[in-house]
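Here the structure is laid out as structure tokens; the discussion comes afterwards.
None of these values were measured; they are calculated from a predicted model. When a residue number appears, it is its place in the shown sequence, counting from 1.
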Amino acid sequence: MKKLIALAISAAFAAPVAFADVELGPFSIYGTLGSAVEVISVNNNSGAAIANTADSQTRLMDQTSKLGFKAKYDLGNDFFALAQVESRFYLGNNGDNTDDKAEIGSRNTFVGVGGKQVGTLRLGRYDNAYKLSLKQIVPTLYGNLNDASSTYGSKQILNRLGARQGDMVAYETPDWAGFSANLSHNFGKDSANSISAGAAGTPSNTPATDLMGQTSVSLGYKHSLFNVGFGYTTVNNAAWKLDGSSGAKAANFTGTQKLEAYQLGGQVNYMDFSAGAVFERTSSSVSGLAAAKNFDQKQNVYGLIAGYKKDALEVQVQYAKANDVDGTTLTDTGGQQATIAVGYQFHKYVQAVASFSKVDNQKNSNFTTASGFALAKGNDMNQFAFGLVGKF
């Protein structure tokens with residue numbers, strides 16, 4: 001009897017160990033959980049009353065939490081197949097209206113095939129090549145520590161036409177001695193979500209009334225001491241009245257129209273330090289309308305980044321500036337953002353992040369940070385955030 005009891009106890013402890021050694025093959029689960037307390041102070045420069053939801057406040061806000069499942073299958077002869085489902089969810093967001101966008105497959109979700117010598121083709125929802133060009137140009141800026149410190153995105157100053165889009169065909173080249181390129185095309189059915197973005201609370205998968213396909217391309221070169229890159233994008237059947245909306249907003253007009261953007265720059269890397277810069281121009285035009293509605297507009301923006309990373313400590317300092325829109329009689333359409341963010345790694349999967357961002361909008365602009373606090377035109381913001389990020 002004693003031998004039977006001892007054998008049973010041994011089996012009970014051995015079973016979990018054996019289970020822990022079971023291979024999951026090509027399949028893996030990953031995710032990020034991030035949240036921060038944001039202390040926001042709003043200064044009204046427009047003279048209009050500030051809505052309660054946009055007034056100075058303290059809130060708990062999610063910082064791009066996500067859950068993903070992915071698999072990579074070896075097809076032999078250096079070829080492979082890919083599958084991924086990545087979903088957004090919100091970890092403490094103060095009842096924000098983005099709750100309805102926490103849906104399965106809302107982030108990069110695709111199937112794909114590729115090879116070490118021929119590159120990778122993806123079909124589904126994916127970041128367009130224009131967004132990815134920013135990663136090639138200034139990787140430190142692209143890898144911001146939290147949303148509250150980010151200067152790029154649809155409502156931010158930089159890379160407003162870069163987006164994660166459905167109806168996407170995306171191709172990524174292999175690394176050719178440091179050179180790389182991306183090419184993407186979104187067929188346009190999803191452009192209401194990815195570019196023009198409906199009213200607050202609108203479901204994130206609202207289809208566009210008019211198909212506005214977007215084609216993007218990026219080129220980059222990576223060296224141990226520096227990065228350089230270039231990105232270009234054009235949106236079909238669309239224009240953007242830049243002096244009417246600081247955030248990305250594509251619309252279909254009657255007449256000949258054109259919407260495009262390009263960006264270029266680079267980053268220097270030396271020991272534990274990095275420094276980079278990016279220049280971007282967005283251009284839009286419509287002809288064939290009534291004279292009062294014709295416009296041919298462009299806006300130049302700039303971004304600077306300095307970074308330091310050693311052991312557990314990481315520091316980023318960013319500055320972004322949007323000039324006034326050219327081609328309009330409307331003035332004061334620019335803005336700027338200055339940010340400092342500090343991260344400390346307690347564990348390879350756990351990091352504390354603190355940041356301070358100052359957003360200054362001119363009278364007819366309403367840029368904000370990527371954590372999504374909505375500012376009215378002419379309103380400035382000081383935003384302090386402190387939180388935790390966990391990864392698995």
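- Checking side-chain atoms of Thr234 against main-chain N and O of Thr215 turns up no donor-acceptor pair under 3.5 Å.
- Heavy-atom neighbours of Lys321 NZ from other residues, nucleotides or ligands within 6.0 Å: above the threshold of 12.
- No donor-acceptor pair under 3.5 Å is formed between the side chain of Asn361 and the backbone N or O of Gly378.
- One side chain, Thr233 or Ser216, offers a donor N or O that lies under 3.5 Å from an acceptor on the other.
- The pair Asp272-Lys309 fails the salt-bridge criterion, with no side-chain N (NZ, NE, NH1 or NH2) lying under 4.0 Å from an Asp/Glu carboxylate O.
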Test log, rule ring pair (Phe, Tyr, Trp, His ring centres under 6.0 Å), inputs Tyr232 and Tyr262: CA-CA 4 Å; Tyr232 172 80; Tyr262 71 84; 7.7 Å; no
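- Here Ser180 pairs with Gln136 under the side chain to side chain donor-acceptor pair (under 3.5 Å) rule; sequence neighbours left out.
- Between the CG atom of Asp324 and the CG atom of Leu242 there is a distance of 12.0 Å, given to the nearest 0.5 Å.
- Applying the ring pair (Phe, Tyr, Trp, His ring centres under 6.0 Å) rule to pairs touching residues 153-179 yields Phe179-Tyr221, sequence neighbours excluded.
- Using a 4.5 Å heavy-atom cutoff, the side chains of Phe373 and Gln57 are in contact.
- Side-chain N or O atoms of Asp147 include one that pairs as donor or acceptor with a backbone N or O of Thr64 at under 3.5 Å.
- For the residue pair Asp243/Thr328, the side-chain donor-acceptor check at 3.5 Å is satisfied.
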message: Let's go through Phe89 and Leu33 carefully: what are the C-alpha distance in whole Å and the side-chain angles of both, what is the deciding distance for side-chain contact (heavy atoms from CB on, under 4.5 Å) to 0.1 Å, and is it a yes or a no?
response: CA-CA 9 Å; Phe89 66 92; Leu33 297 92; 4.0 Å; yes
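- The two atoms that bring Gly247 and Ser245 nearest to each other are O-OG, 2.7 Å, heavy atoms only.
- Remark: Gln299 engages Arg160 in a side chain to side chain donor-acceptor pair (under 3.5 Å) (not counting sequence neighbours).
- Interatomic distance, Asp360 CG to Asn379 CG, rounded to the nearest 0.5 Å: 11.5 Å.
- Applying the ring-ring contact (aromatic ring centres under 6.0 Å, His included) rule to Tyr344 yields the partners Phe346; only residues at least two apart in sequence or on another chain are considered.
- Residues Asn108 and Arg125 have side chains that never bring a donor and an acceptor to within less than 3.5 angstrom of each other.
- Annotation: side chain of Tyr349 is not in contact with side chain of Phe392 (no heavy-atom distance under 4.5 Å).
- For the pair Ile340/Gln318, no side-chain contact is recorded, criterion being any heavy-atom separation below 4.5 Å from C-beta on.
- Side-chain N/O atoms of Gln214 and Gln165 include a donor and acceptor closer than 3.5 Å.
- Take Tyr152 and apply the ring-ring contact (aromatic ring centres under 6.0 Å, His included) test, not counting sequence neighbours, and it matches Tyr142.
- Side-chain contact annotation: Gln267 with Asn269, donor-acceptor N/O pair under 3.5 Å present.
- Partners of Glu172 under the side chain to side chain donor-acceptor pair (under 3.5 Å) rule, at least two apart in sequence or in another chain, are Arg122.
- Under the rule for a ring-ring contact (aromatic ring centres under 6.0 Å, His included), Phe80 has no partner lying at least two apart in sequence or in another chain.
- The backbone N or O of Met61 lies less than 3.5 Å from a partner atom in the side chain of Gln63, making a donor-acceptor pair.
- For the 3.5 Å distance criterion, the side chains of Asn128 and Ser184 fail to qualify, holding no donor opposite an acceptor.
- Looking at Lys222, its side chain never comes within 3.5 Å of a backbone N or O of Asp175 through a donor-acceptor pair.
- We find the CG-CD distance between Asn146 and Gln316 to be 9.0 Å, quoted to the nearest 0.5 Å.
- Counting heavy atoms of neighbouring residues, nucleotides and ligands inside a 6.0 Å radius, atom OH of Tyr270 does not exceed 12 of them.
- For the pair Leu67/Ile29, a side-chain contact is recorded, criterion being any heavy-atom separation below 4.5 Å from C-beta on.
- Between the Ser56 side chain and the Val42 main chain, a donor and an acceptor come within less than 3.5 Å of each other.
- Crowding of Tyr30 atom OH: a count of heavy atoms from other residues, nucleotides or ligands under 6.0 Å exceeding 12.
- Checking side-chain atoms of Ser365 against main-chain N and O of Gly334 turns up a donor-acceptor pair under 3.5 Å.
- Taking 4.5 Å as the limit, every side-chain heavy atom of Val350 sits out of range of all side-chain heavy atoms of Val389.
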- request: Apply side-chain contact (heavy atoms from CB on, under 4.5 Å) to Asn144 and Thr339, showing your working.
  value: CA-CA 10 Å; Asn144 51 273; Thr339 293; over 6 Å; no
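- Partners of Asn382 under the side chain to side chain contact (heavy atoms under 4.5 Å, CB included) rule, at least two apart in sequence or in another chain, are Ser41, Phe356, Lys358.
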- request: Could you give me the CA-CA distance, side-chain angles and deciding distance for Leu145 and Gln351, then say whether side-chain contact (heavy atoms from CB on, under 4.5 Å) is met?
  value: CA-CA 10 Å; Leu145 289 169; Gln351 184 181 38; 3.9 Å; yes
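- Between the side chain of Ser218 and the backbone N or O of Ala181 there is no donor-acceptor pair closer than 3.5 Å.
- Screening residues 382-392 for salt bridge (Lys or Arg N to Asp or Glu O under 4.0 Å) gives no qualifying pairs among residues at least two apart or on separate chains.
- In this structure, Asn77 CG and Lys116 NZ are separated by 11.5 Å, a value rounded to the nearest 0.5 Å.
- Panel note: side chain Glu86, backbone Thr109; no donor-acceptor pair is recorded below 3.5 Å.
- Scanning all heavy atoms of the two residues, the minimum distance from Ser285 to Asp296 falls at CB-OD1, 3.6 Å.
- Pairs engaging residues 303-340 under the ring pair (Phe, Tyr, Trp, His ring centres under 6.0 Å) rule: Phe273-Tyr308 [sequence neighbours left out].
- For the 3.5 Å distance criterion, the side chains of Glu38 and Thr58 fail to qualify, holding no donor opposite an acceptor.
- Here Ser274 pairs with Thr140 under the side chain to side chain donor-acceptor pair (under 3.5 Å) rule; sequence neighbours left out.
- Counted by atom type alone, Gln156 and Thr368 present zero donor-acceptor pairs between their side chains at under 3.5 Å.
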Residues 276-284, side-chain donor-acceptor partners within the protein, below 3.5 Å, at least two apart:
| from | atom 1 | to | atom 2 | distance (Å) |
| --- | --- | --- | --- | --- |
| Glu280 | OE1 | Asn159 | N | 2.8 |
| Glu280 | OE2 | Tyr130 | OH | 2.6 |
| Arg281 | NE | Asn300 | OD1 | 2.8 |
| Ser284 | OG | Trp240 | N | 2.7 |
| Ser284 | OG | Trp240 | O | 3.1 |

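- What you find for Gln337 and Ser357 is that their closest heavy atoms are NE2-OG, 3.9 Å.
- Judged purely by distance below 3.5 Å, without hydrogens or angles, the side chains of Ser149 and Ser355 never pair a donor atom with an acceptor atom.
- When atom types are taken as modelled, the side chain of Asp311 and the backbone of Leu313 share no donor-acceptor pair closer than 3.5 angstrom.
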Tyr302/Asn323 under side-chain contact (heavy atoms from CB on, under 4.5 Å): CA gap, chis, key distance, verdict: CA-CA 8 Å; Tyr302 310 84; Asn323 287 351; 3.4 Å; yes
